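The next block holds one structure in the form of structure tokens; read it before the comments.
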Amino acid sequence: MPLQPETIAIHAGNEHVAGEHPVIQPITLSTTFRHEEGALLYGRTDNPNRRALEKVMAQLEAGLEAACFSSGNAAGMAVFQALPPGSHVLAPDDMYHGLRLQLKNLFAGILEVDFVDMCDLEALRSAFRPETALVWVETPSNPLLKISDIRAISQLCQAKKVALACDNTFASPLVQQPLLLGADLVLHSSTKYIGGHSDLTGGVLITAEKSPLWEKIRSIQQIGGAVPAPFDCYFLARSVKTLPYRMRAHAENALCIARFLEATPSITAVYYPGLPSHPQHELAATQMRSFGGMMSLLFEGDASDTDAFIARLQLFTNATSLGGVESLIERRAAVEGPDTKTPENLIRLSVGLEHPEDLMNDLAQAINHCKNK
Ligand SMILES: *Cc1c(COP(=O)(O)O)cnc(C)c1O
């Protein structure tokens with residue numbers, strides 16, 4: 001019988017070691033291993049804690065293998081580095097800005113890139129070229145929580161024999177499993193939900209099969225060397241054990257808060273795929289198991305009104321990033337810089353695991369304070 005994700009999360013990343021038989025896999029700090037049959041060789045190329053983390057992540061995403069990196073960006077970069085020079089890449093017009101900067105700046109002159117609206121299948125279809133080697137999707141997207149149809153895009157990619165990668169960071173494998181919907185590769189910034197406690201940086205790629213592209217990615221991991229430390233792998237494998245239950249509560253809390261905000265007059269829009277008012281709610285329901293913990297909203301007023309509202313909150317910390325147990329909030333345009341297309345009054349929320357009533361009370365008191373001024 002195949003195991004359920006709650007069980008995989010607890011057991012698959014906990015390799016049993018001989019000797020004193022600890023129940024929890026110890027951290028192996030050694031960078032080298034005695035030359036013996038079956039032993040590992042060297043810490044950059046392999047490590048028992050990294051192996052354990054890769055095993056549990058591959059199983060949670062229903063993939064064949066995983067490769068862990070020192071950050072989400074390093075994981076994404078390994079995919080771009082694995083493409084033959086001159087390859088054409090199709091990426092979302094609202095791609096995570098760190099990865100967009102890689103494609104635009106670091107890979108300028110090496111890869112050709114077009115940024116397209118991944119919600120517009122016709123636009124995507126007509127953007128393919130003979131040299132297209134990779135389609136990259138990110139769903140739900142940042143900061144408007146747009147949904148791309150992974151099944152439909154994977155059919156387009158299969159017909160053209162082009163690899164499809166999905167940045168699944170906002171969803172987590174508990175909410176969405178892109179490999180089962182036809183993607184070839186999945187990326188997570190494990191800095192976010194996988195780590196879940198805002199205290200470590202990491203990234204992971206998961207593959208559906210051992211393709212030549214994957215072999216190249218594996219050698220970029222091992223020879224390029226942007227690998228996570230054993231400590232980080234240990235803490236990630238530990239965090240993964242509670243990921244299924246954390247994701248349930250993130251999604252439950254987020255749905256409560258989205259409904260509350262949608263009924264609040266000073267909030268002019270709420271972008272959350274779990275709300276029937278979200279333009280792609282039905283599509284989201286066909287490919288996501290729940291709707292995750294991320295949402296954005298428009299606050300009535302300008303940038304300084306929006307900042308005043310955020311400053312008044314007590315439980316939501318004004319900080320970037322997402323996926324931790326504590327709720328975070330930020331005005332995205334302030335983070336994205338002057339050339340952003342994000343509205344100045346758009347606020348992004350990472351809903352944490354505090355009690356939802358406390359979170360709603362905090363939002364309500366800040367809204368009332370701003371109204372009475
Ligand atoms: C944070 C993030 C990344 C990059 O991950 P780092 O760990 O910060 O390098 C990539 N994609 C998405 C959607 C992210 O939120």
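As the structure lists them, so they are numbered: ligands from 1, and atoms in each ligand from 1. None of these values were measured; they are calculated from a predicted model.
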May I ask you to check if ligand 1 and [X] share an N or O to N or O distance below 3.5 Å?
{"X": "Gly72", "result": "yes"}
{"X": "Lys192", "result": "yes"}
{"X": "Thr201", "result": "no"}

Thr169 contact mode with ligand 1 (heavy-atom cut-off under 4.0 Å):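 Near ligand 1, Thr169 shows its side chain, while the N, CA, C and O stay back.
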message: Less than 4.0 angstrom from a charged side-chain N to a carboxylate O is my criterion; do Glu122 and Arg125 meet it?
response: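 A salt bridge links Glu122 with Arg125.
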query: If you measure from the Lys or Arg side-chain nitrogens to the Asp or Glu carboxylate oxygens, is any gap between Glu15 and Arg51 under 4.0 Å?
result: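 No, Glu15 and Arg51 are not salt-bridged.
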message: Just to confirm my output: which protein heavy-atom neighbour is closest to atom 7 (O) of ligand 1, and how far is it?
response: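 For atom 7 (O) of ligand 1, the nearest protein heavy atom is Thr191 OG1, 2.6 Å.
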- request: Please confirm whether Asp167 comes under 4.0 Å of ligand 1, counting heavy atoms of the residue only.
  value: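 In this structure, Asp167 qualifies as a contact of ligand 1 - some heavy atom is under 4.0 Å.
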- prompt: At the 4.0 Å heavy-atom cut-off, does Gly202 count as touching ligand 1?
  reply: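 A heavy atom of Gly202 does come that close to ligand 1.
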- prompt: Quick one: does NZ or CZ of Lys192 land under 6.0 Å from the six-membered ring centre of Tyr96, within 45 degrees of the ring axis?
  reply: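 Geometry flag: set, cation within 6.0 Å and 45°.
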field: Side-chain donor or acceptor of Ser71 paired with backbone N/O of Ala74 under 3.5 Å
entry: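 Checking the backbone N and O of Ala74 against the side chain of Ser71, a donor-acceptor pair under 3.5 Å is found.
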For residues 173-183, which side-chain N or O atoms pair as donor and acceptor with protein atoms under 3.5 Å away, sequence neighbours left out?
residue	atom	partner	partner atom	Å
Gln176	NE2	Thr139	O	2.9
Gln176	NE2	Asn168	OD1	2.9
Gln177	OE1	Arg289	NH2	2.4
Gln177	NE2	Leu60	O	2.9

message: Under a 3.5 Å threshold, yes or no: a donor from one side chain and an acceptor from the other, between Ser87 and Glu112?
response: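 Note: Ser87 and Glu112 side chains miss the donor-acceptor criterion.
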query: Can you list the ligand 1 atoms lying under 4.0 Å from a non-hydrogen atom of Asn73?
result: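 So the answer, numbered in order with elements, is 4 (C), 5 (O), 6 (P), 9 (O).
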- request: For Phe128, check ring-ring contact (aromatic ring centres under 6.0 Å, His included) against everything at least two apart and list the hits.
  value: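 In terms of ring-ring contact (aromatic ring centres under 6.0 Å, His included), with neighbours along the sequence ignored, Phe128 is linked to no residue.
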query: Nearest to atom 8 (O) of ligand 1 by heavy atom, Phe69, Phe170, Tyr96: which?
result: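 Shortest heavy-atom distance from atom 8 (O) of ligand 1: Tyr96.
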